[in-house]
Amino acid sequence: MSAPRVVPVRPDFSAGDVEEILGAIRTSLETGQLAQGEQVAAFERETAAATGARHAVATGTGTGALVCGLRALAARGDGEVLVPANSFYSSAAAPLLAGLRTRLVDVEPDTLAPSVRTLREAVTPSTVGVLTVHLGGLISPELPEVAAWCAERGLWLYEDCAHAHGSRLDGRHAGRFGVAGAFSYFATKVITAAEGGMVVTDDDELAAAVRLHRNLGKPEEWRSHHTVLGENARMSELHAAVGRVQLRRLDEFLAVRGRLARQYTAGLAHIPGLTPVLPRHTAASWYKYVVLLDPGTDRAALRAALAEAGVRLGGEIYEKPLDAQPVFESLLPPGRHPVAEDLCARHICLPLHTRMTKEDIGLVLSALPDALKAATG
């Protein structure tokens with residue numbers, strides 16, 4: 001099989017980006033300021049301004065952003081955290097790593113996210129908070145109601161925004177509906193630092209606690225005096241230099257992704273056998289273009305047929321629900337999440353990144369009908 005013409009993800013760095021990043025890294029190497037310096041501080045300031053948050057605290061990974069924020073919240077009360085059943089490992093693992101407990105909750109099929117209805121069905125007297133996830137960059141239009149419901153019950157709401165750089169609902173950026181939001185800058189994300197994370201919040205106490213937890217529990221960055229059981233979750237100057245350049249181009253990336261997504265949506269309207277899961281807000285990050293396959297479609301066969309046509313699909317979000325992961329067998333309370341299970345089993349994510357062309361989208365659209373026939377025959 002020849003190499004695919006269309007691949008699911010490709011980071012976008014211009015020649016100018018590369019020169020700027022290399023210059024910043026050269027300065028860090030020459031000065032020896034490799035950690036906790038001006039690049040990280042500037043990235044934090046620029047992220048706070050971009051999201052409208054009072055604070056942005058950089059971490060070494062997106063998982064680290066979740067864990068440090070949840071450790072800060074755990075100090076306010078021990079208990080269970082409600083987590084969508086169809087998310088990534090880190091969403092369920094982070095509360096456990098922070099000393100809390102995870103209880104999975106079902107989601108709505110049109111938003112891929114929990115609703116007030118599904119949260120009411122899952123909440124227990126032990127619940128202390130909700131971790132919601134903006135899968136594919138979609139913000140549920142019910143999120144303000146979810147936030148209000150949490151406030152009424154005395155629960156905190158923490159947003160996993162790993163997919164949602166630039167996503168906004170009614171003008172409000174992802175991460176700004178609850179007590180805090182956690183972003184990831186992994187290599188596949190809408191903007192990347194290769195690795196990295198960020199917690200955004202308006203809560204002064206929470207921001208200070210996250211800074212403690214990311215730096216081994218030290219109130220003073222360079223003094224070995226430890227006041228809480230923190231960890232090493234710092235972002236390096238080198239990663240921050242990459243992230244700053246990418247953040248500056250976020251609006252450009254969103255415009256390109258939006259244009260390509262509209263081409264997909266128009267073309268898919270004429271292809272039976274699948275249904276796009278579309279955001280009902282702008283801007284959307286379009287981290288993934290999610291499509292539900294009709295029941296009975298063999299997803300593996302579809303992937304193989306598309307690969308033969310030169311199209312490689314990206315990973316699902318996600319292939320199996322969290323309670324099907326072996327690591328969680330003894331760590332999560334039992335429960336059924338039929339909507340999440342169904343969504344995990346029969347969706348695909350079409351290739352979408354800023355280096356794609358309209359011709360690439362056309363190739364995907366032209367390959368889909370025959371691939372669907374091969375997967376349903």
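Reckoned from all heavy atoms, side chains included, excluding hydrogens, waters and symmetry mates.
Checked by atom type and distance alone, the side chain of T192 pairs as donor or acceptor with a backbone atom of F186 at under 3.5 Å. S366 contributes a side-chain N or O that, together with a main-chain N or O of G362, makes up a donor-acceptor pair within less than 3.5 Å. A donor-acceptor pair under 3.5 Å is absent between the side-chain atoms of H337 and the main chain of D106, judged by distance alone. At distances below 3.5 Å, at least one donor-acceptor pair connects side-chain atoms of T59 with backbone N or O atoms of T61. Formation of a donor-acceptor pair under 3.5 Å by the H353 side chain with backbone atoms of V7 is found in this model. When atom types are taken as modelled, the side chain of T63 and the backbone of S90 share no donor-acceptor pair closer than 3.5 angstrom. Although no hydrogens or angles enter the test, the distance criterion places a donor-acceptor pair under 3.5 Å between the side chain of D160 and the main chain of A162. The backbone N or O of N215 lies less than 3.5 Å from no partner atom in the side chain of H213, so there is not a single donor-acceptor pair.
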Using the salt bridge (Lys or Arg N to Asp or Glu O under 4.0 Å) rule, take D110 and R280 through it: C-alpha gap first, then chi angles, then the decisive distance, then the call.
CA-CA 10 Å; D110 57 339; R280 287 178 272 167; 2.8 Å; yes
Could you go through the side-chain contact (heavy atoms from CB on, under 4.5 Å) check for H281 and D170 one step at a time?
CA-CA 7 Å; H281 59 87; D170 297 330; over 6 Å; no
Apply salt bridge (Lys or Arg N to Asp or Glu O under 4.0 Å) to the pair R214 and E44, showing each step before the final yes or no.
CA-CA 14 Å; R214 73 160 179 192; E44 290 177 333; 2.9 Å; yes
Given the rule in the side-chain contact (heavy atoms from CB on, under 4.5 Å) test, do L254 and S285 qualify, once you have shown the distances and angles that lead to the verdict?
CA-CA 6 Å; L254 295 179; S285 73; 4.2 Å; yes
Please determine whether side chain to side chain donor-acceptor pair (under 3.5 Å) holds for the pair T124 and E80, giving the CA-CA distance in whole Å, both sets of side-chain angles, and the decisive distance to 0.1 Å.
CA-CA 8 Å; T124 75; E80 289 182 341; 3.0 Å; yes
Walk me through whether L135 and K288 qualify under side-chain contact (heavy atoms from CB on, under 4.5 Å).
CA-CA 8 Å; L135 284 181; K288 297 281 189 177; over 6 Å; no
Might you work through the side-chain contact (heavy atoms from CB on, under 4.5 Å) test for V107 and T111, ending with a clear yes or no?
CA-CA 8 Å; V107 298; T111 66; 5.9 Å; no
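Using a 4.0 Å cut-off between a side-chain N of Lys or Arg and a carboxylate O of Asp or Glu, R303 and E316 qualify as a salt bridge. No salt bridge links R355 with D360; every basic N to acidic carboxylate O contact stays at or beyond 4.0 Å. Between E145 and R117 there is no salt bridge, since no side-chain nitrogen of the basic residue lies less than 4.0 Å from a carboxylate oxygen of the acidic one. Taking a cutoff of 4.0 Å between a charged side-chain nitrogen and a carboxylate oxygen, R336 and E341 qualify as a salt bridge. A salt bridge links R101 and D78; the closest N-O separation between the charged side-chain nitrogens and carboxylate oxygens is under 4.0 Å. Of the charged side-chain nitrogens involved, none lies within less than 4.0 Å of a carboxylate oxygen, so that D12 and R257 do not count as a salt-bridged pair.
Here the CD1 atom belonging to I361 is positioned 10.0 Å from the OG1 atom belonging to T265, to the nearest 0.5 angstrom. If you take CZ on F88 and NE2 on H163, they are separated by 8.5 Å, rounding to the nearest 0.5 Å. Atoms CG and CG, on D323 and N86 in that order, are 10.5 Å from each other to the nearest 0.5 Å. The line from CG of L73 to CG of L131 is 10.0 Å long, rounded to the nearest 0.5 Å. The CG atom of L274 sits 8.0 Å away from atom CG of L350, with the distance rounded to the nearest 0.5 Å. Taking CG from L293 and NE2 from H347, the interatomic distance works out to 9.0 Å, rounded to the nearest 0.5 Å.
Minimum heavy-atom separation, G69 to Y158: CA-OH, 3.5 Å. Nearest heavy-atom pair across H225 and T227 is NE2-CG2, 3.8 Å. The nearest pair of heavy atoms linking L322 to P84 is CD1-O, 3.4 Å. Nearest heavy-atom pair, H270 versus P272, reported as atom, atom and distance to 0.1 Å: O-CD, 3.6 Å. Between M235 and V40, the shortest heavy-atom distance links the atoms O-CG2, 3.4 Å. Contact detail for H239 and A193: the closest heavy-atom pair is CD2-O, 3.0 Å.
Take H165 and apply the ring pair (Phe, Tyr, Trp, His ring centres under 6.0 Å) test, not counting sequence neighbours, and it matches F183, Y185. In this structure, E221 has no salt bridge (charged side-chain N to carboxylate O under 4.0 Å, His left out) partners at least two apart in sequence or on a different chain.
With no hydrogens or angles considered, no side-chain donor-acceptor pair links E108 and S140 at under 3.5 Å. No hydrogens or angles considered: a donor-acceptor pair under 3.5 Å links the side chains of H134 and E159.
At a threshold of 4.5 Å between non-hydrogen side-chain atoms, the residues K189 and Q246 do not count as touching. Residues L155 and W149 meet the side-chain proximity criterion, which asks for heavy atoms closer than 4.5 Å. Using a 4.5 Å heavy-atom threshold, the side chains of P219 and L212 count as touching. Two residues are said to be in side-chain contact when any heavy atoms from C-beta on lie closer than 4.5 Å; T102 and F328 fail this criterion. Inter-residue side-chain proximity for P8 and Y289 is flagged as unmet; no heavy-atom pair is nearer than 4.5 Å. The shortest side-chain heavy-atom distance between S224 and H226 falls under the 4.5 Å cut-off. Using a 4.5 Å heavy-atom threshold, the side chains of F177 and V146 count as separate. Side-chain atoms of S14 and R249, non-hydrogen and from C-beta on, do get closer than 4.5 Å to each other.
In terms of hydrophobic clustering, with Ile, Leu, Val, Met, Phe, Trp and Tyr side chains grouped at heavy-atom distances under 4.5 Å, V291 and L313 are assigned to a common cluster. No path of Ile, Leu, Val, Met, Phe, Trp and Tyr side chains, each step under 4.5 Å between heavy atoms, connects V130 with V81, placing them in separate hydrophobic clusters. Both L368 and L260 are part of a single hydrophobic cluster, where members link through side-chain heavy atoms under 4.5 Å apart.
Of the options E237, R244, Q33, a side chain to side chain donor-acceptor pair (under 3.5 Å) to Q39 is made by R244 and by none of the others. Applying side chain to side chain contact (heavy atoms under 4.5 Å, CB included) to Y287 and the options L352, L138, V190 leaves one that passes, V190. Among T201, T47, D204, the single residue meeting the side chain to side chain donor-acceptor pair (under 3.5 Å) criterion with H55 is D204.
Within a 6.0 Å sphere centred on CD of E121, heavy atoms belonging to other residues, nucleotides or ligands number more than 12. The number of heavy-atom neighbours closer than 6.0 Å to CG of L29, taken from other residues, nucleotides and ligands shown, is above 12. Within a 6.0 Å sphere centred on CG of D251, heavy atoms belonging to other residues, nucleotides or ligands number 12 at most. Heavy-atom contacts from other residues, nucleotides or ligands closer than 6.0 Å to CZ of R10 number 12 or fewer.
V67 forms part of a hydrophobic cluster together with L97, judged by ILVMFWY side-chain heavy-atom separations under 4.5 Å.
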